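Owing to the predicted nature of the structure, the values given are computational and were not obtained by experimental measurement. All values below were derived from every heavy atom in this structure, side-chain atoms included, with hydrogens, water molecules and symmetry-related copies excluded.
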Amino acid sequence: MLNIIKSIRYSLRRDYLAWAYAVAVLAIYVFAVALSITGVEEYTGAYGFRAIVETNEIVVLIVTILFVPLICSSDFSDKFINYELLGGYKKTHSYFARALYSYLIVYAYFIISCFISMIIGCVMNGYQSSDLQVNDLLMLLLVGLVMIFRFVSVVVFFSFLFENAIASPVVVYLLEVISLIPSMLLGELFEELKKTYILSSVATYETVMKPTDMVPGFVNGKDVYLPVYNWGENVTAIVVSFVLGAVLLTAGYCVFKSRDRK
């Protein structure tokens, strides 16, 4: 598997499209950071971390639907994956090497994007834990791993289902848009249907990763609003995301394994 991951890295480093995607994501991220700083009286490290976490669902989706199909589908068009299997690698290695590298790429973006904004805030005004307690920061990183596991598993599944680097992101995008309709509309209209947000990866991320409440507080002689995270309220969504990710990852492997590549 390690050799396959090395070959994927080698391919991505020489892929102009991958570099174009990276520049586009960087531009979006810089804009998001600039927007989070604008209009904030005191941009701290804790606030910078929380601000990017709370707005990251769209960028994470973009990173996922751009890079995961490149990693998982590009080798079908030039038959490279056929030569890989003929060279003695098992289908298990070919599939899970691509899936694992996809997770690493997207989660690396998530971590780096959060900590860069935190570092900027720390340089400007220090960390200021009243904006985000360290234990909540660690929970956001852990729960974010589950959210990204769901994001990536969806795209991995469709990448191996369609074996096309264009079709899979288009289908995932359309499914996400369609699933947002019950998540936003029905959930607002009917109290008993609020849990429909779990149909959408973006809506689930937004619900789970944002504070459940903002309460007034008094810190360092200032009136502030403190974020409150109630992880117990969202445990069902977190578990559903993990289970859905595992099911789709397994389904993608079953699809890939069932097809003759030699």
Side-chain angles (χ1 to χ4, degrees), residues 25 28-29 32-33 36 44-65 67-68 99-119 121-122 127-157 172 175-176 179-180 183-184 187 194-215 225-250:
V25 169
I28 295 171
Y29 173 72
V33 173
S36 67
T44 66
Y47 178 84
F49 187 98
R50 182 163 62 85
I52 292 301
V53 166
E54 292 177 11
T55 58
N56 230 352
E57 68 268 23
I58 299 300
V59 189
V60 167
L61 178 64
I62 291 172
V63 171
T64 306
I65 66 176
F67 285 96
V68 174
L100 176 60
Y101 194 63
S102 297
Y103 293 121
L104 292 176
I105 287 290
V106 181
Y107 193 59
Y109 161 77
F110 177 77
I111 292 178
I112 292 170
S113 66
C114 292
F115 277 100
I116 286 178
S117 60
M118 187 185 79
I119 291 169
C122 287
Y127 181 77
Q128 297 293 336
S129 61
S130 60
D131 285 324
L132 182 68
Q133 295 293 318
V134 174
N135 60 326
D136 287 326
L137 184 152
L138 296 175
M139 280 298 297
L140 286 170
L141 290 176
L142 180 61
V143 176
L145 178 61
V146 179
M147 295 297 106
I148 286 166
F149 178 64
R150 171 177 175 162
F151 271 108
V152 175
S153 293
V154 172
V155 185
V156 168
F157 170 72
V172 171
L175 285 175
E176 192 60 42
S179 65
L180 275 172
S183 301
M184 297 174 63
K194 285 191 178 297
K195 289 292 185 179
T196 55
Y197 70 80
I198 62 176
L199 297 172
S200 164
S201 298
V202 168
T204 304
Y205 179 104
E206 184 176 6
T207 302
V208 172
M209 302 295 281
K210 289 187 177 182
T212 55
D213 198 5
M214 298 291 292
V215 298
Y225 279 92
L226 308 175
V228 176
Y229 293 88
N230 190 338
W231 302 108
E233 286 185 5
N234 297 315
V235 67
T236 300
I238 296 169
V239 171
V240 167
S241 293
F242 180 78
V243 172
L244 178 62
V247 168
L248 288 174
L249 184 65
T250 304

Exercise. Hey, are the side chains of I28 and I62 touching, using non-hydrogen atoms and a 4.5 Å cut-off?
Worked result: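 Yes, at least one pair of side-chain atoms sits under 4.5 Å.
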
Problem set entry | Non-hydrogen side-chain atoms of V106 and F67 separated by less than 4.5 Å |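 A side-chain contact under 4.5 Å is absent here.
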
For a quick test of reading the model, state the closest non-hydrogen atom pair linking [X] to [Y] and the distance between them.
X    : Y    : result
P227 : P211 : CB-CG, 3.8 Å
M209 : Y229 : O-CE2, 3.8 Å
V208 : W231 : O-CZ3, 3.6 Å

For this session: Sequence neighbours left out, what pairs pass salt bridge (charged side-chain N to carboxylate O under 4.0 Å, His left out) with at least one residue falling in residues 51-64?
Result: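 Pairs touching residues 51-64 that pass the test: R50-E54.
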
For this session: Quick one: list whatever passes side-chain hydrogen bond (donor to acceptor under 3.5 Å, both in side chains) with S113, sequence neighbours left out.
Result: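 By the side-chain hydrogen bond (donor to acceptor under 3.5 Å, both in side chains) rule, S113 matches N56.
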
For this session: Only counting residues at least two apart or in another chain, list the ones meeting side-chain hydrogen bond (donor to acceptor under 3.5 Å, both in side chains) with T55.
Result: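 So T55 forms no side-chain hydrogen bond (donor to acceptor under 3.5 Å, both in side chains) with any residue.
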
Results of side-chain contact (heavy atoms from CB on, under 4.5 Å) for [X] - residues two or more places apart only:
X    : result
A51  : S36, Y47
V228 : T212, D213, V215
I116 : Y29, I112, I120

Would you give the length of the straight line joining atom [atom1] of [X] to atom [atom2] of [Y], rounded to the nearest 0.5 angstrom?
X    : Y    : atom1 : atom2 : value
I52  : F115 : CD1   : CZ    : 13.0 Å
C114 : I119 : SG    : CD1   : 11.5 Å
T64  : Y107 : OG1   : OH    : 13.5 Å
D131 : D136 : CG    : CG    : 12.0 Å

Exercise. How far apart are the C-alpha atoms of L137 and M118, what are their side-chain angles, what is the distance that settles it, and do they pass the side-chain contact (heavy atoms from CB on, under 4.5 Å) test?
Worked result: CA-CA 11 Å; L137 184 152; M118 187 185 79; 4.0 Å; yes

Got a list of side-chain donor-acceptor pairs under 3.5 Å for residues 138-155, not counting sequence neighbours?
unit_1 : atom_1 : unit_2 : atom_2 : d
R150   : NE     : S201   : OG     : 3.1
R150   : NH1    : I198   : O      : 3.0
R150   : NH1    : T204   : OG1    : 3.2
R150   : NH1    : S241   : OG     : 3.4
R150   : NH2    : I198   : O      : 2.6
R150   : NH2    : L199   : O      : 3.4
S153   : OG     : Y103   : OH     : 2.6
S153   : OG     : F149   : O      : 2.7
S153   : OG     : G245   : O      : 3.1

Exercise. Is a donor on one side and an acceptor on the other found under 3.5 Å between the side chain of E176 and the backbone of S200?
Worked result: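 It does not hold such a pair.
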
When the side chains of residues 233-240 are checked against the rest of the protein, which donor-acceptor pairs come out under 3.5 Å, sequence neighbours left out?
unit_1 : atom_1 : unit_2 : atom_2 : d
E233   : OE2    : N230   : ND2    : 3.2

Problem set entry | With sequence neighbours excluded, residues passing ring pair (Phe, Tyr, Trp, His ring centres under 6.0 Å) with F157 |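 Expected list: none.
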
